[in-house]
Amino acid sequence: MEDLVVVAEFRDPIYPGLVSTGKVERGGDKPFHTVINSENYHALQALLYTHRGKVDCIYIDPPYNTGAKDWKYNNDYVESDDHYRHSKWLAFMERRLLLAKELLNPDDSILIVTIDEKEYLRLGLLLEQIFPEGRSQMISTVINRKGNARRGEFSRSEEYIYFIRFGNAGISPWISDMLNQVEADDNEKIRWKSLLRLASTGQTSGRFNMFYPLFFDSNTLEFLYAGEPIPDGVPIDSVTVPEGASALWPIQKNGKDGRWSLSKPKFDEYVKKGYVKFGSKNGGGRTPYYLMEGQLAAIESGDLIVTGHDKDGAVELKKVSSQRSPLTIWNQASHSTSGQGTALVKDLLAGRSFPYPKSLYAVEDALRFAVLQKPNATVVDFFAGSGTTAHAVIRLNKQDGGNRQSISITNNEVSAAEQVRLREQGLRPGDPEWEQLGICDYITKPRIKAAITGNTPDGNPIKGEYKFPDEFPMSDGFEENVEFFTLTYESVMRVSSNREFPKIAPFLWLRAGSRGRRIDDISTGWDVADAYGVIANLDLSEAFIKAVEAQQGLTHAFIVTDEDRLFEAMVRQLPEHVEPVRLYSSYLRNFEIEAGRAAR
């Protein structure tokens, strides 16, 4: 008893904050993925303030209630011989699913839940009870082709996935029906147009701005970058070629000047999007090809789908006519939990292990059916574990150039076996030596960071390649952004008196789309960032309103005031497209976490 410290009475309200614990920025102006270290019930309640009714897809792989000590909440294991084992599990799930229901967009969203045979019947009934308006299907998916041997029983090789669709949500077709092997069809190949065109095409003479070099690595012929255009009369050999590189110019077969079909800015844009492809060796480089406007329009309309990228980053495409509706039985080699789950995590984390991680490609396939047609989707996983869902969303973005965001929630619990060892050393939760071995700090955060940077936690390039369907080295990483947070609990008096703004600031940023600069300080009275603005001193409203109007793409304005009249006056001055939010009353009303309601 002497070790206990009372921080709140049982029924006292508790208010959450967020503290950043690091970030990775490789995605330019793309929105950030978010990882929250927290008990997931509290984090879900907090997300009601930022994402109520705005989530496009929730994917969860909850604990399967097998009786093994591989999951624990509030220090109570659900033992295999507990007579209330199933009801405890259902109560545990129900509380979280009720919050998840409020996050999902009722007009167009999908909930995906994986489970094994221990609880699939009870889970199905629970989902029908909580989501009567949803349309439910259950998928059987092979995760271990060799089977999990059990004495005197059938060897189990599958688990189950519930897809619950809301509103207008549908399942997108794909190149595979998930049961049968995809056969290559030469007639479905996409034709790329040569980047080189003759000087007489469209213009009678002149280089214009279409005559520039393409630089390649002289040994590997890997494309490096495009040089600047040179005008008529400037000899080619006057252009400096970087050391270790070779140049390819738009020269015709007869040796006369030709031209590229794209200006340099447009060429650079196409390369970034994967719309330029490089073929066989040609002079000092490789023959370039590009996609025409009609093909780009087909990608936008969905008549062409991006299935992956080649080693140079060019998109790989399939026509819609070659797509298939997925069946309710999946049997894909890429869904093996051992080869594409456990082994992949070890590659990313240089030997660190995590029990029973999902196959990256299994999660990717499930999500694709839900968000393929939503390049700006928000995907939430509140049983994030090793971070597979975030990793899968990142891969989907690379495949079609999307800006999907993931929000991953996991706690920082230490495994049961590790806890015994640590306690023998006199350590306890909260000690740095203890916390560094928790799920979030030891596995989830390093795994997502490694995936984006292409380096292991030791700083070495990740070995191996991604597969299914696009193959490229893991060490390439991804052009994505992610920030890591820990949920805190704050005093209502300190929040309402504006003394905890730095801990409330991340929630405002999340609500505005998790993009661009975050406003962490309003000591000057107001500030306007890429996506939102905050004003605490309403005497400075004129300058604030002008800054809001000038900021293109701004969607939210947070106004700190206790007076209805002042708030309404500010709202009248804001542009119509800007959503006004009142602080801190909206925070106190929507963020409140009552300890008596929390999971036990």
Side-chain angles (χ1 to χ4, degrees), residues 16-27 30-40 42-44 46-47 59-61 70-72 341-342 344-358 360 363 379-395 397 404-415 418 422 429-462 474-475 477-488 503 506-507 509-510 514 518:
L18 287 176
V19 174
S20 176
T21 58
K23 65 173 69 173
V24 178
E25 296 181 85
R26 294 189 78 205
K30 296 182 71 172
F32 279 69
H33 302 277
T34 306
V35 179
I36 302 176
N37 174 7
S38 167
E39 203 288 328
N40 59 9
H42 291 167
L44 284 170
L47 287 181
Y59 178 101
I60 54 173
D61 179 37
D70 54 11
W71 70 281
K72 180 171 71 68
T342 304
L344 188 141
V345 169
K346 287 183 177 180
D347 288 340
L348 290 163
L349 299 181
R352 298 184 190 183
S353 62
F354 180 80
Y356 313 117
K358 276 282 184 290
L360 171 61
V363 178
V379 179
V380 171
D381 182 352
F382 52 91
F383 288 103
S386 68
T388 308
T389 299
H391 198 166
V393 172
I394 287 169
R395 270 183 50 91
N397 281 344
R404 302 174 186 86
Q405 298 172 261
S406 65
I407 300 176
S408 304
I409 302 167
T410 185
N411 59 32
N412 199 41
E413 287 186 297
V414 174
S415 69
E418 198 73 66
L422 292 173
D431 293 334
E433 298 88 347
W434 181 294
E435 295 299 320
Q436 70 181 4
L437 296 177
I439 294 171
C440 188
D441 286 348
Y442 191 66
I443 298 293
T444 318
K445 289 166 56 176
R447 187 254 179 92
I448 297 173
K449 182 178 180 180
I452 294 176
T453 63
N455 295 320
T456 67
D458 300 330
N460 298 315
I462 301 169
M474 292 185 185
S475 58
F478 298 90
E479 294 182 355
E480 298 282 337
N481 302 314
V482 63
E483 186 158 7
F484 308 102
F485 296 95
T486 293
L487 192 80
T488 63
K503 295 180 181 178
F507 287 115
W509 178 71
L510 281 165
S514 308
R518 185 169 63 248

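Along the sequence shown, residues are numbered consecutively beginning with 1.
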How about NZ on Lys346, more than 12 heavy atoms from neighbouring residues, nucleotides or ligands closer than 6.0 Å, or not? no
Would you name the heavy atoms of Arg352 and Pro457 that are closest together and state the gap between them? NH2-CB, 3.9 Å
More than 12 non-hydrogen atoms from neighbouring residues, nucleotides or ligands closer than 6.0 Å to CD on Glu479, yes or no? no
OG1 of Thr453 to CZ of Arg26: how many Å apart, nearest 0.5 Å? 6.5 Å
Return the OH to CZ distance between Tyr59 and Phe383, rounded to the nearest 0.5 Å. 12.5 Å
Can you list the residues that meet the side chain to side chain contact (heavy atoms under 4.5 Å, CB included) rule with Ala392, with sequence neighbours excluded? Leu360, Val363, Glu364, Leu367
Straight-line distance of Met474 CE to Leu348 CG, nearest 0.5 Å: 5.5 Å
For Ala46 and Phe507, which heavy atoms make the closest approach, and how far apart are they? CB-CE2, 3.8 Å
Find the distance between CG (Asp381) and NZ (Lys358) and round it off to the nearest 0.5 Å. 10.5 Å
Given Leu18, which partner from the list Thr486, Leu510, Asn37 fulfils the side chain to side chain contact (heavy atoms under 4.5 Å, CB included) test? Leu510
d(Thr389 OG1, Ile394 CD1) to nearest 0.5 Å is 11.0 Å
Under 4.5 Å between any side-chain heavy atoms of Phe32 and Arg518, yes or no? no
What pair of heavy atoms forms the shortest contact from Glu435 to Gly430, and how long is it? OE2-N, 2.8 Å
Tell me the closest heavy-atom pair linking Ile462 and Ser475, and the distance in Å. O-CB, 3.6 Å
Shortest non-hydrogen pair, Phe382 vs Asn40, comes out as O-ND2, 2.9 Å
Please step through side chain to side chain contact (heavy atoms under 4.5 Å, CB included) for the pair Leu47 and Ile409, ending with a clear verdict. CA-CA 11 Å; Leu47 287 181; Ile409 302 167; 3.7 Å; yes
Taking every non-hydrogen atom, the tightest pair across Val393 and Arg404: CG1-CB, 3.7 Å
What residue pairs, at least two apart or across chains, pass side chain to side chain donor-acceptor pair (under 3.5 Å) with a residue in residues 438-450? Thr21-Lys445, Ser386-Arg447, Thr388-Arg447, His391-Arg447, Asn412-Asp441, Asp441-Lys445
Drop me the distance from Asn481's CG to Ile452's CD1, to the nearest 0.5 angstrom. 7.5 Å
Should Pro16 and His42 count as side-chain neighbours, where that means a heavy-atom distance under 4.5 Å? no
Using a 4.5 Å cut-off on heavy atoms from C-beta on, say whether the side chain of Ser20 contacts that of Phe484. no
